[in-house]
Amino acid sequence: MSLIEIRNLEFTYKGGTQPALKGIDLDINPGEFIVIMGHSGAGKSTLCLTLNGLVPNLKKGAFKGEVKIKGTPTAGHKVSHFARTVVLVFQDFETQLFSTSVELEVAFGPENFNVPPEEIKERVREALQKVRLTGFENRQPANLSGGQKQRLAIASVLSIQPEIICMDEPTTDLDPVGKYEVFSIASALRQEKRMTMIIVEHEVEEALEADRIILMKEGTILAQGTPREILSQSDLLANCAVKPLDMAELFGRLGFKELPLTVEEGLEAWRRAGLTFNQERYRSMVAAQQSAREGKYGQPIIEVKGLRHSYENNFEALKGIDLTIREGEFVAILGQNGSGKTTLVKHFNGLLRPTAGEVVVAGMDTRAESIDKFGRVVGYVFQNPDHQIFAGTVKEEVAYGPKLYGVPPAEIEERVRDALQAVELAGLEEEDPFSLTKGQRQRVAVASILAAKPRVIILDEPTTGLDYKEQRGMMELVRRLNDMGHTIIMVTHSMWVTAEYAHRVVVVKDGRVVMDGPTREVFAREDELEAAFLKPPQIVRFSNRLGATCLSVEEVMACLESREGGAE
Amino acid sequence: MKELWTMWKNTRMITMTALTAAIFAALLIPFKGIPIIPGITEFRPAQIIATTFPIFFGPAGAWGVAIGNLIGDFFGTLGPGSFFGFFGNLFEGYVIYKIWQALKKEPTIKSGGDLFHYVLAVILSGATCAMIIAWGLEVLGMFPFAVLGTIITLNNVIVPIFLGPPLILLLYPRIKKWDLIWTDVMDPEDISTVKSPTLGLALMWIGGLGGLIVGLLLSTGLYGAKLAGFGVGHTGTGVILGLIPFIVIFLASALAFPSKGE
Amino acid sequence: MNLYLYLDKDTIVHRLDPRAKILILICTFAIPLLNDHPLWVAGATLLILIYGMLARSLGNIARIKTILVLIFIFSSLMWFVFAKGTTPLFWRVTRESVMYGLATGLKIDAMIIAGLIFLSTTKNEEITQGLIKLGLPFAVAFVFSTALRLVPTFVGAGATVSQAMRSRGLDIDSGSFLERIKKYVPLLVPIFLSSIRNTDSLAMALESKGFGNSPRRTFYLQLKWQPFDTLFLVFFVVLTILNAWAKINGFTSISGLIK
């Protein structure tokens, strides 16, 4: 018998105009590992919420069809009734942890189910061991790192000893190390306990291990099947705004029928088909790109010399940084959370001042001038757009910066129009920013920075929480801004975004710059990257093995020896 | 007053209380270092929460500011005053949402009339809160009513009057859209109804603002030094006893907002 | 970021049952309040300081020393004027009002120190558990502890929002009082909205973990009342009663003081 049975489910949120889910039929079998993928707003999260009855019992709306958990319909039953069968872990780890110590967090679930204290103790010990947080019992959850918080969130539901664990984008807000930690725990759980697991995930490479992939689009299940069935259909994935696997895409374009999914499989197929890489063509492509970019760069606009920064608690976040960024560059700053990369970029607009050393921005020493001088030269787009959006309409939000700088009304009007045009939100001037999607809100945040006409734009994690299509759109926008002459500095964890868009990569580790150079050169040094917990995208790893560093599928295609009958 | 108790069985109301408390405390703490009356009160722009969140979150807002105030005291000023601070803030929130409920208003400020009502609500709730805390600390012999009553009232009124309306205008549409207005979150049978708004409001005004004014007069010795039958200028006891009837009148206003079946 | 006052030490006071510590806290609030005469208040203060020494928590006083000094000066000066006595010194100030002022200033400091000792020796979860065992309903205790947990999160969010707004050119420190108040709008709205939005996720996380499943629930943290808890508590309760007796008999008051 299936654990969860969904029949002809349709759900529309209260106040919603369109159904969030429609025509859903789904069976979840014991021991299965299911990955759900799809575009933003496809209904993935809503589907998760139906699995333990949060929809329709807590989240109200029009609910049709049926969801049965072990034979019991969810509608009309308390959510807690199902908590021993299905538990949920949410993307936002800040809001699912509410205890003042780690062990109490894990004990909370069993306490609600009247489990005797001695047994809770045993369960806490076991759950913390599983997520590798033994020894953290008395720590405050607030002081853990993001990855540790998400692992704690997992432990806090494991202690309920559920049969099914469903995680809604558990790694979206994490850095690569945190992502790795969470995935390795998930796979350990499956192997040890044969626990049924459902994960909503954006990154395709992580979905390879699943038993079944469910692909959602506009509230419906568009396709489901084994990873091999689903992931070899690049067009289908792209249609759902999921980034296809580089290998599948490359070999699909080459006309292969049987598509490799991993780098190893790709190399194997490459060899078997007798394909060759044209080094001559590669070198001329690289040289052309290099000289075109060099010609565009202007004078140094940010100069950092011997920069050190210590916080009030004497923690030294930056330990001597030298860096020069020229006007027109497109720089990606990579590194783990806590490596110092955000501390570094906050020196570029005067938010932080050097403890030692100096930072000169457009000829002004940040120690000497007040911060509002830098706001006009350097715009800073913060990671979470909701941390800066406040106005009632998009237009007012974008006009806020120029107004503060005393720009005359007529010009403000013009700047708002230009900025909204640049981010492709023209026509939404009168909308409430909070009624827009996350991707659009991110654009509003960019527009509100653009309206101040800064020469340098700093973006902190511009693609986090967006689906592939939105990420592409965002990055195409950033590329256009760079083409228009803005210097771009981007802090990111996304390796494919860096590979395809950044001209230059700076890797920060433990408060020092450990790698700095053109993206291609840095990405060729896989071992060094790995030491900083960074793993280049499939296509880069693949081409490195062929003796060249290609940053996109297109580049590999361009350097291919003209083939005769290469396809199988 | 029923909803002050029934809300505790609603998970959403409980989380709204916790969030209000946490935000209130988080905004109080940075200003702990700049006291107006050291150890008792400081410049409190956070008081803006006490006059806005209860409009949206009803009893969850009121309990939230009460608990948040106590937590704020945990960062340096925990003392007997915390007890009265708890109830002062609870009733500040209570007055705000009760007035809105009594006027059967949408929780926003759309017209001049709404603005007028908001200002009055802020004054009454601020005065009630001041009366409770100042009375309590007078009872303990820690601070004279006149000083504390005035400062707390000003603190509760000035920032909220200017900052409240723009905040409410920006917050309301979003909170409404997220379906978090307390009357939408709670079951109607758990909320006390408003049978005689005029009487209830009148009792609140007499109890709250009347109490504060009489307290100030008694405390400064301007009026009725002998009112309570005590010796020359013994204003402290006069304030303590003289305010009891006002507190009773204020609480009696709850009877004019009876629960169903009462 | 550690905003809390708790000191992770192993002293006899730290080991006391939280219920005992809460009740002792009430005693250490009551004792200073029962005294008007500066000498008696000084005695009460000394008692609290000894308790604080046992708890090795007096180091925390340094964190709020400015506040303590201000409290003392301000409260004293205020009562110099507001209290009335029979031996005039100058203007409205009398010998008795000076004594009362000094006593009250010291009294308030002593109570704040008592609160500080409590917070330095009792973990947030112990406070919550103690309150539950003393009869506080679970839902209220839950709100209390969750809010305590979220405060650092919101302080952090506040710092981020203020940086975001400053880098857009917002300058909070200039302009008239009213203009400055208005500038809080763009700071407060994002903090409020992002946290209000969280209420829903928090409620979902709670219900997913069985919150409100049944009216009965067990508690992981078990409190153990030990003989020395009784000893400590009896000591403070007896002192409080004796002090109350002394007050009723007028020993602790300032003769000639009219408040």
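Each chain gets a letter, A, B and so on, in the order the sequences are listed, and its residues count up from 1.
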Student: When only pairs under 4.5 Å are counted, which of C:Thr66, C:Val140, C:Val185, C:Ile127 shares the most heavy-atom pairs with chain B?
Tutor: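 The answer is C:Val140.
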Student: Roughly how far, to the nearest 0.5 Å, is the CG atom of B:Leu19 from the CZ atom of C:Arg197?
Tutor: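 With rounding to 0.5 Å, CZ (C:Arg197) is 14.0 Å from CG (B:Leu19).
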Student: For residues 186-194 of chain C, tabulate all N or O donor-acceptor pairs below 3.5 Å that involve a side-chain atom, not counting sequence neighbours.
Tutor:
{"residue": "C:Ser194", "atom": "OG", "partner": "C:Pro190", "partner atom": "O", "Å": "2.8"}
{"residue": "C:Ser194", "atom": "OG", "partner": "C:Ile191", "partner atom": "O", "Å": "3.4"}

Student: I need the residue from C:Phe211, C:Tyr184, C:Phe142, C:Phe29 with the largest number of non-hydrogen atom pairs under 4.5 Å to chain B.
Tutor: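 The candidate making the most pairs under 4.5 Å is C:Phe29.
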Student: Provide the full list of side chain to side chain donor-acceptor pair (under 3.5 Å) pairs with a residue in residues 166-177 of chain B, sequence neighbours left out, each pair given once.
Tutor: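 Passing the test, one end in residues 166-177 of chain B: A:Asp432-B:Arg174, B:Glu106-B:Tyr172, B:Lys176-B:Asp184.
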Student: Mind listing the closest non-hydrogen atom pair of C:Thr199 and B:Thr15 along with its distance?
Tutor: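 Of all heavy-atom pairs spanning C:Thr199 and B:Thr15, the closest is O-OG1, 3.4 Å.
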Student: Among the options C:Ile26, C:Thr28, C:Leu68, C:Asp200, pick out the one with the most heavy-atom pairs lying under 4.5 Å from chain B.
Tutor: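 The option with the most such pairs is C:Asp200.
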Student: Is any residue of residues 46-55 of chain B within less than 4.5 Å of chain C by heavy atoms, and which ones?
Tutor: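 Within residues 46-55 of chain B, near chain C: B:Ile48, B:Ile49, B:Phe53.
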Student: Where on B:Pro166 is there a heavy atom nearer than 4.5 Å to chain C: the side chain, the backbone, both, or neither?
Tutor: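 For B:Pro166, the contact with chain C is made by the side chain alone.
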Student: For C:Ala139, is it the side chain, the backbone, both or neither that has a heavy atom under 4.5 Å from a heavy atom of chain B?
Tutor: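 When you check distances to chain B, atoms from both the backbone and side chain of C:Ala139 fall under 4.5 Å.
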Student: Given heavy-atom pairs under 4.5 angstrom as the criterion, report whether the side chain, backbone, both or neither of C:Leu178 touches chain B.
Tutor: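 Contact with chain B involves the side chain of C:Leu178 alone.
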Student: Does any backbone or side-chain atom of B:Phe57 lie under 4.5 Å from a heavy atom of chain C? Answer side chain, backbone, both or neither.
Tutor: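 Only the side chain of B:Phe57 comes within 4.5 Å of chain C.
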Student: Can you tell me if C:Trp79 uses its side chain to pair, donor with acceptor, with the backbone of B:Met142 under 3.5 Å?
Tutor: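 Answer holds: yes.
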Student: Which heavy atom of B:Leu163 sits nearest a heavy atom of C:Ile181, and at what distance?
Tutor: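 Smallest heavy-atom distance, with atoms named: CD1-O, 3.2 Å.
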Student: Return the option, out of B:Pro144, B:Pro45, B:Ala18, with the maximum number of heavy-atom pairs under 4.5 Å with chain C.
Tutor: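 Between B:Pro144, B:Pro45, B:Ala18, the count favours B:Pro144.
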Student: Mind checking whether C:Phe144 and B:Phe74 have ring centres under 6.0 Å apart?
Tutor: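 That pair passes the under 6.0 Å test.
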Student: Hey, which of B:Pro80, B:Ala21, B:Ser82, B:Ala26 has the most heavy atom pairs under 4.5 Å with chain C?
Tutor: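 Greatest number of close heavy-atom pairs with chain C: B:Pro80.
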Student: Is B:Leu180 in contact with chain C via its backbone, its side chain, both, or neither, using a 4.5 Å heavy-atom distance?
Tutor: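 Contact with chain C: side chain only.
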Student: So how far is it from C:Leu34 CG to B:Leu140 CG, rounded to the nearest 0.5 Å?
Tutor: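 It is 10.5 Å, given to the nearest 0.5 Å.
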Student: Given heavy-atom pairs under 4.5 angstrom as the criterion, report whether the side chain, backbone, both or neither of B:Ile14 touches chain C.
Tutor: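 Both backbone and side chain.
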Student: State, to 0.1 Å, how close C:Thr104 and B:Gly141 come at their nearest heavy-atom pair, and which atoms those are.
Tutor: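 Heavy-atom minimum between the residues: CG2-O, 3.9 Å.
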Student: Any side-chain heavy atom of C:Val143 sitting closer than 4.5 Å to one from B:Trp63?
Tutor: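 In short, these two side chains do not touch, never coming nearer than 4.5 Å.
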Student: Mind checking what makes side-chain contact (heavy atoms from CB on, under 4.5 Å) contact with B:Ala22, not counting sequence neighbours?
Tutor: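 If we apply the side-chain contact (heavy atoms from CB on, under 4.5 Å) test to B:Ala22, skipping adjacent residues, the hits are C:Ala147, C:Leu150, C:Val151, C:Phe154.
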